[in-house]
Amino acid sequence: MYKLVAVDQSVATREVVLKNQVTKKIDSCFDDSALVSSTSNFEFMKIGQEYDCMVVLFGVARNYGLGEWLECHILDDNVKLNNVRLVKVSVDDNIYYVHRDQVPANSLNGLFMFECTRKDLYKVDDVIHQEIY
């Protein structure tokens, strides 16, 4: 569970600041769900409320010096969300997801390093982002 701490609204997108209620880790996550759907988006979220969120790491498994270099421990290498295949990972006891095609093939049974340039909000409670990529 995550608590919504803050929202930084831009013209068409926003950053939501979430606090993991177990680990106390604070993440800033990109949310563009309102761009693709007027009804199935995350605009219902209220500051101070708790939500079950799915956060997807966006980046590459190479260190280009562009983002945060993370050690990802694979928990489940075959998670499906609509038609997208994801890998569930643990980073310092925080749960995230990575697109399966971004995980090095030789690491699907253990761990890998990942350069995270952005964290995307894909699912909140039972609402799934309409255009997951």
Side-chain angles (χ1 to χ4, degrees):
M1 291 298 272
Y2 291 88
K3 184 176 194 174
L4 181 61
V5 177
V7 175
D8 182 15
Q9 186 74 45
S10 294
V11 174
T13 64
R14 65 186 190 157
E15 291 285 324
V16 294
V17 180
L18 300 172
K19 182 176 183 181
N20 185 309
Q21 293 303 98
V22 175
T23 67
K24 307 304 180 200
K25 168 87 167 126
I26 295 178
D27 285 313
S28 181
C29 301
F30 180 72
D31 173 21
D32 66 347
S33 62
L35 278 176
V36 295
S37 176
S38 61
T39 56
S40 186
N41 61 53
F42 308 136
E43 295 288 316
F44 64 87
M45 297 175 75
K46 304 285 184 218
I47 293 174
Q49 297 297 310
E50 292 184 9
Y51 303 94
D52 183 17
C53 299
M54 177 182 269
V55 177
V56 175
L57 303 178
F58 181 80
V60 293
R62 290 203 173 130
N63 190 357
Y64 291 118
L66 302 173
E68 185 179 1
W69 192 235
L70 304 173
E71 182 176 272
C72 297
H73 296 268
I74 296 172
L75 302 175
D76 186 345
D77 67 357
N78 193 25
V79 176
K80 264 189 105 172
L81 184 62
N82 289 347
N83 293 327
V84 176
R85 292 183 62 179
L86 302 167
V87 175
K88 182 178 181 179
V89 299
S90 172
V91 177
D92 296 326
D93 296 324
N94 293 284
I95 304 300
Y96 300 105
Y97 297 82
V98 177
H99 286 271
R100 190 151 198 235
D101 61 353
Q102 293 180 319
V103 177
N106 61 347
S107 64
L108 288 178
N109 291 319
L111 69 103
F112 63 97
M113 297 301 293
F114 191 79
E115 184 174 35
C116 180
T117 56
R118 188 175 79 203
K119 295 175 182 172
D120 290 352
L121 194 56
Y122 264 30
K123 183 178 175 190
V124 177
D125 294 337
D126 293 327
V127 179
I128 298 173
H129 193 299
Q130 287 293 318
E131 196 172 294
I132 58 175
Y133 36 90

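Positions are given from 1 along the sequence.
Scanning for side-chain contact (heavy atoms from CB on, under 4.5 Å) contacts around D126 gives an empty result, with sequence neighbours left out. Legend: residues meeting side chain to side chain donor-acceptor pair (under 3.5 Å) with N94, ordered by chain and number and at least two apart, are N20, T23. Considering only residues two or more places apart in sequence or on other chains, S37 meets the side-chain contact (heavy atoms from CB on, under 4.5 Å) condition with T39, S40, Q130. Remark: Q9 engages no residue in a side chain to side chain donor-acceptor pair (under 3.5 Å) (not counting sequence neighbours). Contacts of D31 classified as salt bridge (charged side-chain N to carboxylate O under 4.0 Å, His left out), with partners at least two apart in sequence or in another chain: R14. Residues forming a side-chain contact (heavy atoms from CB on, under 4.5 Å) with K24 (at least two apart in sequence, or on another chain): K19. Under the side-chain contact (heavy atoms from CB on, under 4.5 Å) criterion, D101 pairs with H99, sequence neighbours left out. Listed by chain and number, the residues in a salt bridge (charged side-chain N to carboxylate O under 4.0 Å, His left out) with K3 amount to none (sequence neighbours excluded). Qualifying side chain to side chain donor-acceptor pair (under 3.5 Å) partners for Q21, counting only residues two or more places apart in sequence or in other chains: E50. Not a single side chain to side chain donor-acceptor pair (under 3.5 Å) links D92 to another residue, sequence neighbours left out.
The 12-atom threshold is not exceeded at CG of D93, counting heavy atoms of other residues, nucleotides or ligands nearer than 6.0 Å.
The heavy-atom pair separating F44 from V127 by the smallest distance is CE2-CG2, 3.8 Å.
Put simply, V87 and M113 are part of two different groups of oily side chains (I, L, V, M, F, W, Y) that touch within less than 4.5 Å, one to the next.
Between C29 atom SG and L18 atom CG the span is 4.5 Å, to the nearest 0.5 Å. Taking CE of M1 as the start and OH of Y51 as the end, the distance is 9.5 Å to the nearest 0.5 Å. How far CD of E15 is from CZ of R118: 8.5 Å, rounded to the nearest 0.5 Å. K119 NZ to C53 SG: the interatomic distance, rounded to the nearest 0.5 Å, is 13.0 Å. Rounded to the nearest 0.5 angstrom, D77 CG and R85 CZ are separated by 8.0 Å. L81 CG to L86 CG: the interatomic distance, rounded to the nearest 0.5 Å, is 6.0 Å.
At least one side-chain heavy atom of V79 sits less than 4.5 Å from a side-chain heavy atom of Y97. Counting only heavy atoms from C-beta outward, the side chains of V98 and F112 approach each other to under 4.5 Å. No side-chain heavy atom of F114 sits less than 4.5 Å from a side-chain heavy atom of V91. Here the side chains of H129 and L121 are not in contact, with every heavy-atom distance at 4.5 Å or above.
In this structure a side-chain-to-backbone donor-acceptor pair under 3.5 Å is missing from D120 to Y122.
Counting side-chain heavy-atom gaps under 4.5 Å among Ile, Leu, Val, Met, Phe, Trp and Tyr, the cluster of V5 also holds V17, I26.
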Taking only distance into account, with no hydrogens and no angle test, what donor-acceptor pairs under 3.5 Å do side-chain atoms of residues 54-69 form with protein atoms, sequence neighbours excluded?
residue, atom, partner, partner atom, Å
R62, NH1, Y64, OH, 3.4
N63, OD1, G65, N, 3.2

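Defined by atom type and a distance below 3.5 Å, a donor-acceptor pair is present between the side-chain atoms of D27 and Y96.
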